[in-house]
Amino acid sequence: MATPSTPSRSPNFLRFILTGAVLGFAIGSFLSVSGLLADEDGSLAQQANYSSAAGWGFVGALGAMLGAIAFALLAVLLDRRR
């Protein structure tokens, strides 16, 4: 009699990447709005003359990109571990 085997579980890459992008956007947006990335005069982009909404969007998009990459690497590491 054969023993039932459990299928190995691999991470769902799309879910990992989307979760990383959402968390990265949230963290980037928080950093942009909180002023932790601002210069001494309170502006995010002193020479480019971006509006605060554009600065929020750029930093949020950068955070989303970095979060998606980080979580994709985490998914690959978890997949290799199995």
Check your understanding: For the residue pair Pro11 and Ala75, what are the closest heavy atoms and their distance?
Key -> CG-O, 3.4 Å

**Study point:** By side-chain contact (heavy atoms from CB on, under 4.5 Å) - contacts of Ile27 (at least two apart)
**Key:** Leu31

Exercise for review: Quick one: name the residues clustered hydrophobically with Leu14, using the 4.5 Å side-chain heavy-atom rule over I, L, V, M, F, W, Y, and just say none if it's on its own.
Suggested key: Leu18

Review point. Excluding sequence neighbours, so at least two apart, what forms ring pair (Phe, Tyr, Trp, His ring centres under 6.0 Å) with Phe25?
Key: Trp56

Practice item. Determine which pairs satisfy ring pair (Phe, Tyr, Trp, His ring centres under 6.0 Å) with at least one residue from residues 60-82, sequence neighbours left out, and list them in order. Key: none

Point to revise | Under the side-chain contact (heavy atoms from CB on, under 4.5 Å) test, residues paired with Ala72 that sit two or more places apart | key: Ile17

Check your understanding: Can you list the other members of the hydrophobic cluster that holds Leu66, where links are side-chain heavy atoms under 4.5 angstrom apart?
Key -> Leu62, Met65, Ile69, Leu73

Point to revise | Pairing residues for Phe58 by the ring pair (Phe, Tyr, Trp, His ring centres under 6.0 Å) criterion, not counting sequence neighbours | key: Tyr50

Check your understanding: Which ILVMFWY residues can you reach from Val76 by hopping between side chains whose heavy atoms are under 4.5 Å apart?
Key -> Phe13

**Study point:** Selection residues 63-73 - residue pairs positive for side chain to side chain donor-acceptor pair (under 3.5 Å), sequence neighbours left out
**Key:** none

**Study point:** side chain to side chain donor-acceptor pair (under 3.5 Å) pairs, two or more places apart, involving residues 68-80
**Key:** Asp79-Arg82

